[in-house]
*Asks:* 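Below: one structure in structure tokens.
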There are 2 protein chains.
Amino acid sequence: MKSLRKTSAVLDCFTREDRRLTLAEIAARTGLPKTSVHRQLAALREIGFLVQDGRRDAYRLGFRLLALGGVVLADIDLMRHARAPAETLANQSGEAVHICVFDGRNVVSIERREMEAASNEIVRIEREPPHCTGTGKAILSTLSDADADRLLDDLPSDGALPRFGPNTITDRVRLRRDLTVCRARGYAVDDEERNPGVRCVGAPIRRHGQVVGAISVTGPAARFPDARLPVLAEMVMATAAKIGLNLER
Amino acid sequence: MKSLRKTSAVLDCFTREDRRLTLAEIAARTGLPKTSVHRQLAALREIGFLVQDGRRDAYRLGFRLLALGGVVLADIDLMRHARAPAETLANQSGEAVHICVFDGRNVVSIERREMEAASNEIVRIEREPPHCTGTGKAILSTLSDADADRLLDDLPSDGALPRFGPNTITDRVRLRRDLTVCRARGYAVDDEERNPGVRCVGAPIRRHGQVVGAISVTGPAARFPDARLPVLAEMVMATAAKIGLNLER
DNA sequence: TCCATCAATTCCGATATCCGGAACAGCTCC
DNA sequence: GGAGCTGTTCCGGATATCGGAATTGATGGA
């Protein structure tokens, strides 16, 4: 089933930022010949994974993918059980809280609107690179080296891990050392690795001993001095444990 | 690209109700030989569209589909513009309000938690059969016969349209007659066609003359006598027009 | 209005890929 | 410990997929 790899590569071109792409753009990003891309696009359009606005316009992801995502969403009881503890954590820490879900292969963050706003709608569902976020590293730190490597292999890579800023750990050996530290102390720190100026403390959420997600607090580096990290980490870990307990029942 | 059809059929086996399926179940539902299904599953697992709990356990849809759904969600500004008018409609009518989005190929309903609850989270994202819901028929009624047929062809079919209750319109000719009526008066009525005992009044939402979704009020048939339908329809159509105006700007 | 330019689409023969029946392996439950 | 079922591997034949090259169609400037 080699062709599905290409199909997957085509779909991967679409991101939150690039939601409308032309055949040529997709060909350039995937490195595939235009003809192959054209065939892929036609097939994806046929099954409703892509739609074209006009007759010759750019492509968008189709709503059928939204529906499939909805099926997945229905499967996540982590979100239900995490709600109350997450809000408590947000109040305790005074910082933004992120929750991630993990299915053994993908780390996806589900963000809600800021707590201040009246509504609490899900506004962002987004894949996260695991090697440079508090939640991602928290999850990685609980995995075997083989499992962790499989996750990292999914990243777009030209040898090193993708860089997002000066602090991003792009070397696998260095990352592995960092993960050992995380594993030992029970929490992960993202020190401006994903977004310069933003720090983050994350801990894994387990059900029956298995990681199913992670939770973190995030904020400007100025509000996250080294001395405060252990304090925040305690809260985060306690919250993660609470959610885990909720899940077991 | 014939194989993608099969891939699509495999993914279609997973629904909100059947979220965990074994190879044998999928083979039975799709009618494909076990070997072919096995190859599909292996490939889908490889690209992260499916995950397996244990080494030989049932399959679930992978979180990567959730992430792709998130990209689609980011593309829908209908939801942002619809929020306020939808709430007004809920208060005016005292009934549950549904909003659907449409990309030319799929009708997907995005449901929120009941208004009474403090939170307003998205709790359900689900594909809707277009031929038996207020929103679906509202959308169909705006399309050309050819476009409408394409939508109906996507439904699992053994000749007639899928039946959900005694009132479901399963005959295409009868449906077309009903749609003509809907088109003329500007709104669609679901008379216990999807769920016995539940009635529904829906109207299309247009942007620049093109349908992009629909909105409806839904409730027990006892509260939706024939005499009340035009009253509700007025509210629904006014709301749809308001949302359409919001979108144009 | 015409032409130049670029993007999207169609064509086609070679070949790698997918197909699915049959045999095999590995659980699980008597 | 064995029977029965489900999932997995193997393999030769058919065919769908591959991508270069030519064609068609849109776009914008002179």
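Heavy atoms only: backbone and side chains are in, while hydrogens, waters and symmetry mates are out. Note on naming: letters A, B, ... go to the chains in the order of the sequence lines (proteins, then strands), and numbering restarts at 1 for each one. Note that this is a predicted model, so its numbers are computed, not measured.
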*Asks:* Regarding A:T168 and A:E193, is there a side-chain donor-to-acceptor distance under 3.5 Å anywhere?
*Replies:* no

*Asks:* If I take atom NE2 in residue A:H38 and atom C1' in nucleotide C:dA8, what distance separates them, rounded to the nearest angstrom?
*Replies:* 6 Å

*Asks:* To check you understand the geometry: which heavy-atom pair defines the closest contact between A:E128 and A:T135, and what is its length?
*Replies:* OE1-OG1, 2.9 Å

*Asks:* I'd like to know if the side chain of B:T7 pairs up with that of B:Q40 as donor and acceptor (distance under 3.5 Å, no hydrogens or angles considered).
*Replies:* yes

*Asks:* For B:R5, what residues pass the salt bridge (Lys or Arg N to Asp or Glu O under 4.0 Å) criterion, not counting sequence neighbours?
*Replies:* A:E46

*Asks:* What is the distance from CG of A:L23 to P of C:dT10, rounded to the nearest Å?
*Replies:* 11 Å

*Asks:* Please, what dot-bracket string fits DNA chain C when only Watson-Crick and G-U pairs with both distances under 3.5 Å count, crossing ones use [ ] and pairs to another strand use |?
*Replies:* ||||||||||||||||||||||||||||||

*Asks:* Would you confirm whether A:D171, through its side chain, and A:R174, through its main-chain N or O, come within 3.5 Å as a donor-acceptor pair?
*Replies:* yes

*Asks:* Which letters describe nucleotides 14-24 of chain C, given B = protein heavy atom under 4.0 Å from base, S = only from sugar-phosphate, - = neither?
*Replies:* ---SSBBBB--

*Asks:* How long is the line joining CD1 of B:I26 and P of D:dT6, in whole Å?
*Replies:* 14 Å

*Asks:* Could you give me the CA-CA distance, side-chain angles and deciding distance for A:D103 and B:R60, then say whether salt bridge (charged side-chain N to carboxylate O under 4.0 Å, His left out) is met?
*Replies:* CA-CA 9 Å; A:D103 67 357; B:R60 296 179 284 122; 5.8 Å; no

*Asks:* Quick one: do B:R127 and B:D12 make a salt bridge, cutoff under 4.0 Å?
*Replies:* yes

*Asks:* Please report the distance, rounded to the nearest Å, between CG in B:L41 and C1' in D:dT8.
*Replies:* 12 Å

*Asks:* Given atom CZ of B:R45 and atom P of D:dT8, what is their separation to the nearest angstrom?
*Replies:* 7 Å

*Asks:* Give a yes or no on whether a salt bridge exists between B:R150 and B:D153, defined as a side-chain N under 4.0 angstrom from a carboxylate O.
*Replies:* no

*Asks:* In whole angstrom, what separates B:E25's CD from D:dT6's C1'?
*Replies:* 11 Å

*Asks:* To the nearest angstrom, how far is B:R5 atom CZ from D:dT15 atom C1'?
*Replies:* 16 Å

*Asks:* Let me know the distance between CG of A:L44 and C1' of D:dT17, rounded to the nearest Å.
*Replies:* 15 Å

*Asks:* Would you verify whether the NZ or CZ of B:R64 falls within 45 degrees of the ring axis of B:F49 while also being under 6.0 Å from that six-membered ring's centre?
*Replies:* no

